[in-house]
Structure formats: structure tokens, C-alpha cells
Amino acid sequence: MSSQYLIRKLKTREELSHLSKELRAEGKRIVLANGCFDLLHVGHIRYLQGAKELGDILIVGLNSDQSARILKGQSRPLFPQDERAEMLAALACVDYITIFPELTVENLILALKPDIQAKGTDYTEESVPEAAIVRSYGGRVAIVGDPKSHSSSDIILKLGFKAGGSALKQ
């Protein structure tokens, strides 16, 4: 069963494209953050809070199950996209969420044209793959969050899981 937060915050790309135009016309600054958010941890929270501080509206692009599996491996994601979206929706800093099937966020950026594309500290402004697209329409890229000392992959390894999701025998 979906939470009230998810029902209110989860939007299609098309809905967010229209909403973004309306919000921008009201003078709102739109920030886009994206990721798999497979195993939500403090690094994700700091990244999303840092992204929200850059503007008025934070939209989170969430990798679909299929794209997360391709990016992270066959044993991922640990949680299905609807549950990952529900966890993100429960965060006060997240205004809207959309699930995207592509391996990159480029098409979502082109549809929403966020004022700011927020990326984590594992990037620099020069290394963000979508930077040229964001700059092409007058947007900017910002690096936010704490140093990349947290990762879902590292946490999964610490918990003793291997590919396929079964616990390692000790």
C-alpha cells in the first residue's frame, strides 16, 4: 500500500514537465537530483538536503528497477522502485519524485530543464556527464553533500551479502 506522501509526490515525467513550467513562472528555482537510492543512508540524506538548499523545489529522478540492475548488478536493487520512491517521498526535503528507465538522466533533464542539476561529491562540476546539457539552456551544475564516504554497495558488503542477495556463510 502506498503512503500518502508517495501518492502526492510521485509524478510522471510529463506531469513534472508541465509542473516545472508553472513553478518556474511563479519564480521558483527547481533543483534536480538523481540516483538509485537503493539502500537509503546518511550520505543520501545529506545529498538530498544539500540539493534542496539550492532552490525552492527538489525533484528526485529515481532509477527504475531495470536501470538500477544494469548500473549496479543483477542482485540490485535491494528494494523495488515503488518502495524506494516511498522512502524518498517520506523525506521533507523531497518535493517530487519521478522514476526514469534510462541509464542516464539526460532525457529527464531535457524534459524538466531544472535550474540546477545537483550531483554528489563523487563528481566535480567538470566531470558531471550531463553538465553540457544543463548549461545549454542556461542551467547550472552544483556539487552537494558530504564527502563520498558512504555507499550502498559498501554497506551491503559489510552486512555480508554477495551477488544474488544471499547471506555469506561465515
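Keep in mind the model is a prediction, meaning the values are calculated, not measured.
Between I59 and I97 there is no side-chain heavy-atom pair separated by less than 4.5 Å. Side-chain contact between R29 and I57: absent, with no pair of heavy atoms (C-beta onward) separated by less than 4.5 Å. For the pair R140 and R135, the minimum side-chain heavy-atom distance is 4.5 Å or more. Looking only at side-chain heavy atoms (C-beta outward), D56 and I30 stay at 4.5 Å or farther from each other. Residues I99 and D82 form a side-chain contact, since some pair of their non-hydrogen atoms from C-beta on lies under 4.5 Å apart. Taking 4.5 Å as the limit, some side-chain heavy atom of R13 sits within range of a side-chain heavy atom of F100. At least one side-chain heavy atom of L88 sits under 4.5 Å from a side-chain heavy atom of L40. Side-chain atoms of L39 and F79, non-hydrogen and from C-beta on, do get closer than 4.5 Å to each other.
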Inset, instruction - Output, in order, the C-alpha distance, side-chain angles, deciding distance and verdict of side-chain contact (heavy atoms from CB on, under 4.5 Å) for N34 and Q117. - result: CA-CA 9 Å; N34 68 282; Q117 165 68 4; 3.0 Å; yes
Legend entry - Pair F37-N63, side-chain contact (heavy atoms from CB on, under 4.5 Å): steps then yes or no: CA-CA 8 Å; F37 302 99; N63 286 88; over 6 Å; no
Inset, instruction - Check the pair E102, S67 against side-chain contact (heavy atoms from CB on, under 4.5 Å), reporting the backbone distance first and the verdict last. - result: CA-CA 6 Å; E102 299 93 352; S67 66; over 6 Å; no
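Of all heavy-atom pairs spanning L32 and G61, the tightest one is CD1-N, 3.9 Å. For the pair A118 and L54, the tightest heavy-atom approach, listed with the atom from each and the gap, is CB-CD1, 4.3 Å. Taking all atoms of both residues into account, the shortest heavy-atom contact from E106 to P129 is OE2-O, 4.3 Å. Contact detail for S17 and L112: the closest heavy-atom pair is N-CD2, 3.5 Å. Scanning both residues, I109 and P114, for their nearest heavy atoms gives O-CD, 3.6 Å.
Criterion: ILVMFWY side-chain heavy atoms under 4.5 Å apart, direct or through other members. Under it, I116 and L108 are not part of a common hydrophobic cluster. In the hydrophobic clustering of ILVMFWY residues, with side-chain heavy atoms under 4.5 Å counting as a link, V60 and L91 come out together. A single hydrophobic cluster is not seen to contain both L62 and L19; linkage of ILVMFWY side chains at heavy-atom distances under 4.5 Å, directly or through other members, places them apart. Residues M87 and L48 share a single hydrophobic cluster, defined by chaining ILVMFWY side chains whose heavy atoms lie under 4.5 Å apart. When hydrophobic clusters are built by joining Ile, Leu, Val, Met, Phe, Trp and Tyr residues whose side-chain heavy atoms come closer than 4.5 Å, directly or via intermediates, Y47 is not grouped with V128.
Hydrophobic side-chain contacts under 4.5 Å tie L103 into a cluster, directly or through other members, with I70, L71.
In E15, the CD atom is crowded: over 12 heavy atoms of neighbouring residues, nucleotides or ligands sit closer than 6.0 Å.
Atom CG of L78 is separated from atom SG of C36 by 11.0 Å, given to the nearest 0.5 angstrom. R46 contributes atom CZ, which lies 13.0 Å from atom SG of C93 (distance to the nearest 0.5 angstrom).
A donor-acceptor contact shorter than 3.5 Å links the side chain of S20 to the backbone of L16. A donor-acceptor contact shorter than 3.5 Å is absent between the side chain of K21 and the backbone of H18.
In terms of the side-chain contact (heavy atoms from CB on, under 4.5 Å) criterion, residue partners of D65 (sequence neighbours excluded) are, by chain and number, R69, P77, P80, Q81, R84.
When K52, K11, K9, R8 are each tested for a side-chain hydrogen bond (donor to acceptor under 3.5 Å, both in side chains) with D95, only one passes: K52.
Between K28 and D115 there is no salt bridge, since none of the side-chain N atoms of the basic residue sits less than 4.0 Å from a carboxylate O of the acidic one. Electrostatic pairing of E125 and K119 does not count as a salt bridge here, judged by no charged N lying under 4.0 Å from a carboxylate O.
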